[in-house]
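Below is one structure; the comments refer to it alone.
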Amino acid sequence: MIRRIEILEAGHTHQLEYFANPVSGKFETVRFPTTVALIEHAARGLILFDTGVTPRLRHLLKRFPEHLFSNLFSIRIDYETTAVHQLKNLGIRPDEIRHIVLSHFHSDHIAGVNDFPTARFFFSPEEYRSMCGLSRFARLRHAFVPELLPPDFVQRRSEPGAETDLPQLGPGFSGRDLFGDGSLFLVPLPGHSLGHQGLFVPDYLGKPWFFVGDAAHLSSSIRDGTSPVSLGAKLIFHDTEQYNETLSRLRGVPETVCLLPCHCNEAFQRAKTQLVSP
Ligand SMILES: [Zn+2]
């Protein structure tokens, strides 16, 4: 049912590994990619999980007070590294992306949304309402720039199917069946943001894949059970206790499941070698 998965790096930043994982992280500057997953469903077409960063974000972050956010996160942004450009290089037109699943509303995940004019969206309406209700300064703390979204964003929302337990991920996991066919599940992973969600693919190339967004910063954060200590990460968190509870559940996911945190270079490089399109 899932015919293809590819992982793209749509922007990246550098920071000390220690700040993301104070247990095993080194005092070395390491690369933190912003990854986007391209998934092809046999009947539903092409889907993106998150959209990465684009030059649009840099332009919007020049304003006050948003420029304070850009000073905290020095994200590398080029047109050549955008998801839409890389997809064109793969022979995929923007209007061929039929669905976009958003893990959450932080700017580095939604900045590319406007590049896909006909896509429909899966997102947490609760988180969206909460973000829109914030003051401009509070939005800054939550890294939310509403101008990144198109005017008809809400009208283009798709409703996922019914909720079901996901014993393949271990105790405490459930998810909504995206298309009602058991091929993709939206899994709540709250804490990093209010309605943060991952995308579980039970079977691609004979393996289960779990895109966990920012529910963990690094694969080693899951192994060590550590939350980041950087000021930027702490400021942006919705609920640290909930984040740690989610992280603890992720530690219980069987090793056979390929977990992909959005900003983990180790997971990104490993996935690129394992995700060979048939
Ligand atoms: Zn985030």
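Start at 1 and go down the list; that is how both ligands and their atoms are numbered.
- R251 is linked by a salt bridge (charged side-chain N to carboxylate O under 4.0 Å, His left out) to nothing, counting only residues two or more places apart in sequence or in another chain.
- In this structure, a donor-acceptor pair under 3.5 Å is absent between the side chains of S103 and Q197.
- Ring pair F185/F200 is tilted by interplanar angle, where 30° to 60° counts as tilted.
- Between R129 and E127 there is no salt bridge, since no side-chain nitrogen of the basic residue lies less than 4.0 Å from a carboxylate oxygen of the acidic one.
- For R98, the salt bridge (charged side-chain N to carboxylate O under 4.0 Å, His left out) test picks out no residue, with sequence neighbours left out.
- Under the 4.5 angstrom side-chain criterion for Ile, Leu, Val, Met, Phe, Trp and Tyr, the cluster partners of F32 are V30, L218.
- Near the Zn ion (ligand 1), less than 2.8 Å away, sit the protein N, O or S atoms H104 NE2, H106 ND1, H192 NE2, D214 OD2.
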